[in-house]
S.K.: 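Just passing along the structure, written as C-alpha cells.
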Amino acid sequence: MKNKLLLVIIFLGVIAGVAIGHSFAHKKTQPSKQVLGTQTIAQKEIAPTTSPTSSEPVAPGVPEKISIPKINVNTTVESVGMDSEGRMDIPKDPADTAWFSPGYKPGMNGSAVIDGHLDLVTGAPAVFWNLKLLSAGDNISVTENNGKTYTFAVTQTVRYPYNSFPIKEVFAASDVPMLNLITCNGTWDKTTKNYSDRLVVYSKLVSIN
C-alpha cells in the first residue's frame, strides 16, 4: 500500500563547504567554508519517515552513524530539516554529516539523502573531501540509534553544475531503498561564496544487519 506523500515547498541548499552566519563556537572543529547554496523545489513530494514502504522491516530508529571504509569516513549523522529560510539545513559540525529527516529514511523505499561539507574555511578537508574517490561497488553503511545497520553499494557518481542540479532525481521516490550522498565540487567563487558544482554519489541497499 502506497504511503500518502507530503507536499512541501523548500529551498534546497545542496551542500557546499563554508558556513557563514552559522555559529560553531561550541565545537572544537573549524567551521566549514560555505553555507548551503539555494535552489527551489515547488510542490516537492517527500515521503514521511513514519510510514516505511520497504519490503524489509524498517526499525523505528534514526540514522546515527555513517561509515564509508574506502575513504576512511566514520562519523555522526545529524538529523536536519529546513532552516529558517526554508532550505535544507546543514550539519552543525563540519566533521559530521546530515540526513534530511523530512524525506526518506535509509532503508525505506525511496531516495534517502545525506550531505556533508567538502572543506573548512582554511581549505582543509572536511568530512566528504574524498567523496569523489568512490566508485561503483563501494560500500556505505548507516547505523541507527537502535543498532540496526543498513549497507548500500555505490551505483554511480555524478557531478552536476550547481545551476542545473537535478533535485527531483536526487530526492526521488523509488521502489527500492536508495541512499544519495551530496557534497560540493568544482571551483570556489569568492564573490558568491559558492562552489560551481555538486557531487552526488548514488547507492542502493544491499544488506541489513
Side-chain angles (χ1 to χ4, degrees), residues 5 10 12-17 34 36-37 39 41 44-47 49 52-56 58 63 65-75 77 80 88 90-91 96-119 125-143 149-188 194-209:
L5 299 181
I10 66 175
L12 172 68
V14 194
I15 128 178
Q34 174 201 343
L36 303 179
Q39 293 189 7
I41 304 174
K44 174 79 177 68
E45 293 184 333
I46 299 177
T49 59
T53 59
S54 174
S55 57
E56 293 285 347
V58 178
K65 297 289 183 182
I66 185 170
S67 173
I68 312 175
K70 183 174 181 178
I71 58 174
N72 297 314
V73 168
N74 188 10
T75 192
V77 178
V80 301
M88 180 181 174
I90 59 175
D96 293 347
T97 60
W99 163 59
F100 186 58
S101 61
Y104 298 96
K105 190 175 81 165
M108 291 175 62
N109 286 354
S111 301
V113 178
I114 291 178
D115 61 19
H117 291 291
L118 176 67
D119 56 2
V127 63
F128 276 173
W129 178 262
N130 285 322
L131 200 67
K132 61 184 179 292
L133 300 181
L134 295 182
S135 56
D138 291 332
N139 287 339
I140 302 164
S141 295
V142 176
T143 301
T149 298
Y150 298 88
T151 298
F152 300 79
V154 173
T155 57
Q156 62 176 332
T157 299
V158 185
R159 176 172 163 174
Y160 299 105
Y162 172 74
N163 292 329
S164 58
F165 185 84
I167 292 172
K168 291 183 179 180
E169 179 178 340
V170 174
F171 288 80
S174 171
D175 59 1
V176 295
M178 305 292 293
L179 174 64
N180 300 331
L181 307 182
I182 309 173
T183 195
C184 290
N185 203 277
T187 304
W188 172 253
N194 194 9
Y195 276 96
S196 60
D197 301 327
R198 296 296 183 269
L199 185 74
V200 180
V201 173
Y202 295 91
S203 65
K204 182 178 179 179
L205 184 69
V206 291
S207 68
I208 303 174
N209 296 308

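Along the sequence shown, residues carry numbers from 1. From a predicted model like this one, the values you see are computed outputs, not experimental measurements.
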S.K.: Taking the side chain as every heavy atom from C-beta outward, state whether D119 and W129 have any pair of such atoms under 4.5 Å apart.
M.R.: yes
S.K.: Please identify each residue that fulfils salt bridge (charged side-chain N to carboxylate O under 4.0 Å, His left out) with K70, with sequence neighbours left out.
M.R.: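 Scan of K70 (salt bridge (charged side-chain N to carboxylate O under 4.0 Å, His left out), adjacent residues dropped) gives D138.
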S.K.: Going by the rule side chain to side chain donor-acceptor pair (under 3.5 Å), which residues pair with Q156 if we only count those two or more places apart in sequence or in a different chain?
M.R.: none
S.K.: Residues two or more places apart in sequence or in another chain: which of them pass side chain to side chain donor-acceptor pair (under 3.5 Å) with T151?
M.R.: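 With sequence neighbours excluded, T151 shows a side chain to side chain donor-acceptor pair (under 3.5 Å) to S141, given in chain and number order.
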S.K.: Which residue pairs pass the salt bridge (charged side-chain N to carboxylate O under 4.0 Å, His left out) test with at least one member in residues 171-180, sequence neighbours excluded?
M.R.: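 Listed once each, the pairs would be none.
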S.K.: Just verifying a value: how many Å separate L181 CG and I114 CD1, rounded to the nearest 0.5 Å?
M.R.: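 One gets 6.0 Å once the value is rounded to the nearest 0.5 Å.
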S.K.: Tell me whether T187 contacts the main-chain N or O of S196 through its side chain, where contact means a donor paired with an acceptor under 3.5 Å.
M.R.: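 It does not hold such a pair.
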S.K.: Between OG1 of T183 and CG of L118, what distance do you get to the nearest 0.5 Å?
M.R.: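 CG of L118 is found 4.5 Å from OG1 of T183.
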S.K.: Give every residue pair that meets the salt bridge (charged side-chain N to carboxylate O under 4.0 Å, His left out) criterion with at least one member in residues 149-161, sequence neighbours excluded.
M.R.: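 Non-adjacent pairs meeting salt bridge (charged side-chain N to carboxylate O under 4.0 Å, His left out): R159-D197.
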S.K.: Check whether any side-chain heavy atom of Y202 lies under 4.5 Å from a side-chain heavy atom of V170, and answer yes or no.
M.R.: yes
S.K.: Rounded to the nearest 0.5 Å, what separates atom NE2 in H117 from atom CD1 in I90?
M.R.: 4.5 Å
S.K.: Check whether any side-chain N or O of S203 sits under 3.5 Å from a backbone N or O of L179 as a donor-acceptor pair, and report yes or no.
M.R.: yes
S.K.: I'd like to check the ring-ring contact (aromatic ring centres under 6.0 Å, His included) partners of Y160; sequence neighbours left out, ordered by chain and number.
M.R.: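 For Y160 the ring-ring contact (aromatic ring centres under 6.0 Å, His included) partners, ignoring immediate neighbours, are F165.
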